[in-house]
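Here the structure is laid out as structure tokens; the discussion comes afterwards.
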Protein chains: 2
Amino acid sequence: MTIYEGTMEKKGISQAVIQRLPRYYRYLEDLMDQNIDRISSSELSKRMHLTASQIRQDLNNFGGFGQQGYGYNVKNLHEEIGKILNIDREHPMIIVGAGHLGIALANYTNFRKRGFVLRGIFDSNPKLWGEKVGDLKISPMEEIESVVKQYHIRLAAICIPKDVAVPVAEKLISYGIDGLWNFAHVDLEVPDHVVTENVHLSESLMRLSYRVFEERS
Amino acid sequence: MTIYEGTMEKKGISQAVIQRLPRYYRYLEDLMDQNIDRISSSELSKRMHLTASQIRQDLNNFGGFGQQGYGYNVKNLHEEIGKILNIDREHPMIIVGAGHLGIALANYTNFRKRGFVLRGIFDSNPKLWGEKVGDLKISPMEEIESVVKQYHIRLAAICIPKDVAVPVAEKLISYGIDGLWNFAHVDLEVPDHVVTENVHLSESLMRLSYRVFEERS
DNA sequence: TAGATTGTTAATCGATTAACAATC
DNA sequence: TAGATTGTTAATCGATTAACAATC
């Protein structure tokens, strides 16, 4: 897609690999919980239902984290993948839309654990303003800009209806947001420097429907 | 994966294609809302940021829905994809776990629109029993079995913590559930006849983090 | 009919798997 | 050292794209 020129830091890692990274991270976490401190690609491949070859290929996109004859050090690999995913430090974020889904995300303690710190939750409905969510209060949309600028926020979850998602996303981008976690049922068209990650729940449910109800022999 | 023998109905459609089907469905819906009643693969490819070739290939996995020199009839194609996805009829489903996420899903009117009819929402916390969610009441887990059997339910959304997700999923399967929509942070190991669709939100957020904070040149 | 656009085959591209030499 | 397991190259497999004849 993008043509890199001159001194480039990182060769293009394929989306398929990036897709799998957080899953490796989760499995390594589980291993740590079980006090397992080394693992071979073949043992991990059995647990994850992948091939050992794929695991080694994936990891070698980022450097040699293993050791011949030994395997991988769980704690070390976990940390390295954390660095790759950029979750080795805190990232402030906001949630736009305080409906059930926005509230659900705000209450997800797992995100905090991964370093994502909620700095604001906003809604256009005045009835919700001031209502507490964790240790934050729901604020009017008009306050997004100042919060984003104050905390240099780059990540925003979009939990509003699809018809308002497009203009709101544009505003967010103009404030400096460049990572949109989009739960609205639209594909957002964004400038090149902005990244979107879509979570289209109804599409996920339709895929399940396809697979459950397809004729199997 | 599976080896089909004898008279088989459907050749294996690749996951990549299935992944895209609900998105086609959504775009066709948008076209209908705009009163557009025919579209060529090339026009659709521009809107969806795909190649026209891919669209034609994808659709031809299921049959020739287009017409040379004309393109595709939007309404017709929408209906055909609906049939493929098995959302041309109603599917009862349940939600297990009435935390914020379970409640959020229960309130998603979009699912109902796609034919997914909520028949029960359950939680182990007695304090929640009897509380209203839409026109349902939160019920104890003990009642899952009878509801599943009464309505011949095959789909269940799992919105409970990861440590209880595994045993609960096993129970659900024993009651006849064979489609698990899993929001817990575990990969469920299920028998061959059961299908799982995972929505691992924290993994999605980590992918966003990777892409936003990776060094770009 | 002529023009447009599909359905489909062939070519290309990329991702996964296999194999094995390097090395801890 | 011998055994185990990585890192990496080569082979395979599958998915995407290109091309074009069929046909509405």
Side-chain angles (χ1 to χ4, degrees), chain A residues 1-4 10-21 23-24 27-28 31 36-81 84 207 210, chain B residues 1-4 10-21 23-24 27-28 31 36-81 84 207 210:
Chain A
M1 328 227 140
T2 319
I3 290 136
Y4 295 94
K10 216 182 256 175
K11 55 252 150 256
I13 307 293
S14 85
Q15 287 302 309
V17 175
I18 297 165
Q19 179 79 17
R20 284 188 292 270
L21 282 180
R23 189 155 174 265
Y24 289 130
Y27 271 82
L28 290 164
L31 289 169
I36 295 168
D37 46 41
R38 55 174 272 203
I39 191 147
S40 66
S41 58
S42 98
E43 175 59 23
L44 187 57
S45 77
K46 273 173 217 139
R47 292 174 183 249
M48 295 186 70
H49 303 291
L50 298 174
T51 64
S53 220
Q54 180 165 63
I55 293 174
R56 294 202 299 277
Q57 286 279 25
D58 281 355
L59 298 177
N60 271 85
N61 278 300
F62 304 97
F65 302 130
Q67 195 171 73
Q68 284 96 329
Y70 172 87
Y72 299 86
N73 177 287
V74 173
K75 197 154 164 296
N76 173 252
L77 185 56
H78 179 264
E79 197 180 316
E80 291 294 344
I81 295 180
I84 294 165
R207 279 191 288 272
Y210 174 88
Chain B
M1 324 228 144
T2 319
I3 289 134
Y4 297 93
K10 217 183 254 174
K11 54 252 153 259
I13 306 292
S14 84
Q15 287 301 311
V17 175
I18 297 165
Q19 179 78 16
R20 284 188 292 270
L21 282 180
R23 190 156 173 263
Y24 289 130
Y27 271 81
L28 289 165
L31 289 169
I36 294 169
D37 46 39
R38 56 175 273 203
I39 191 147
S40 67
S41 58
S42 99
E43 174 59 23
L44 186 57
S45 77
K46 273 173 215 140
R47 291 174 183 248
M48 295 186 68
H49 303 291
L50 299 173
T51 63
S53 218
Q54 181 164 64
I55 292 174
R56 294 202 300 275
Q57 286 278 26
D58 282 354
L59 297 178
N60 271 85
N61 278 299
F62 304 97
F65 302 130
Q67 194 170 74
Q68 283 97 331
Y70 172 87
Y72 299 86
N73 177 287
V74 173
K75 198 155 164 294
N76 173 253
L77 185 56
H78 178 264
E79 197 180 316
E80 291 293 345
I81 295 180
I84 294 165
R207 279 191 288 273
Y210 174 88

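The figures here come from the full heavy-atom set of this structure, side chains too, leaving out hydrogens, waters and symmetry mates. So you know, we letter chains A, B, ... as the sequences are listed, proteins then strands, and number each from 1.
Scanning both residues, N76(A) and F65(A), for their nearest heavy atoms gives OD1-O, 4.1 Å. R23(A) and M48(A) make their closest contact through NH2-O, 3.1 Å (heavy atoms, listed as atom of the first residue, atom of the second, distance). Nearest heavy atoms, D37(B) versus Y70(B): O-OH, 4.1 Å.
Checking the phosphate oxygens (OP1, OP2) of dT16(D), a side-chain nitrogen or oxygen of R20(B) falls inside 4.0 Å. Contact check, R56(A) against dG7(D): no side-chain N or O comes under 4.0 Å of OP1 or OP2. OP1 or OP2 of dT16(C) has not a single side-chain nitrogen or oxygen of T51(A) nearer than 4.0 Å.
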Fill in the dot-bracket string of DNA chain C, one character per base: . for unpaired, | for a pair to another strand, ( ) or [ ] for pairs within the strand, taking Watson-Crick or G-U pairs under 3.5 Å. ..||||||||||||||||||||||
Test side chain to side chain contact (heavy atoms under 4.5 Å, CB included) on Q19(A) and Y210(B); report intermediate values, then the result. CA-CA 10 Å; Q19(A) 179 79 17; Y210(B) 174 88; over 6 Å; no
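Nearer the 5' end of DNA chain C, as judged by each residue's closest nucleotide, is the contact made by S53(B), out of S53(B) and Q57(A).
Look at CZ on F65(A): it is 17 Å from P on dC24(C), rounded to the nearest Å. In this structure, Q54(A) places its CD atom 14 Å from P of dG14(D), rounding to the nearest Å. Remark: P of dG7(D) and CD of Q67(A) are 9 Å apart, rounded to the nearest angstrom. Counting to the nearest Å, the C1' atom of dT16(D) and the CD1 atom of I13(B) are 16 Å from each other. Y70(A) has its OH atom 20 Å from the P atom of dT23(C), to the nearest Å. The interatomic distance linking I55(B) (CD1) with dA18(D) (P) rounds to 13 Å, in whole Å. Rounded to an integer number of Å, the gap from Q19(B) CD to dT16(D) P is 11 Å. Atom CG of N60(A) is separated from atom C1' of dT6(D) by 8 Å (rounded to the nearest Å).
R38(B) contributes no side-chain N or O that, together with a main-chain N or O of G71(B), makes up a donor-acceptor pair within less than 3.5 Å.
When each of L31(B), I55(B), N73(B) is tested with I39(B) by the rule side-chain contact (heavy atoms from CB on, under 4.5 Å), just one qualifies, namely L31(B).
Using a cutoff of 4.0 Å between basic side-chain nitrogens and carboxylate oxygens, E43(A) and R47(A) are scored as salt-bridged.
Within the nucleic acid shown, S42(A) has no heavy atom closer than 4.0 Å to any nucleic acid atom.
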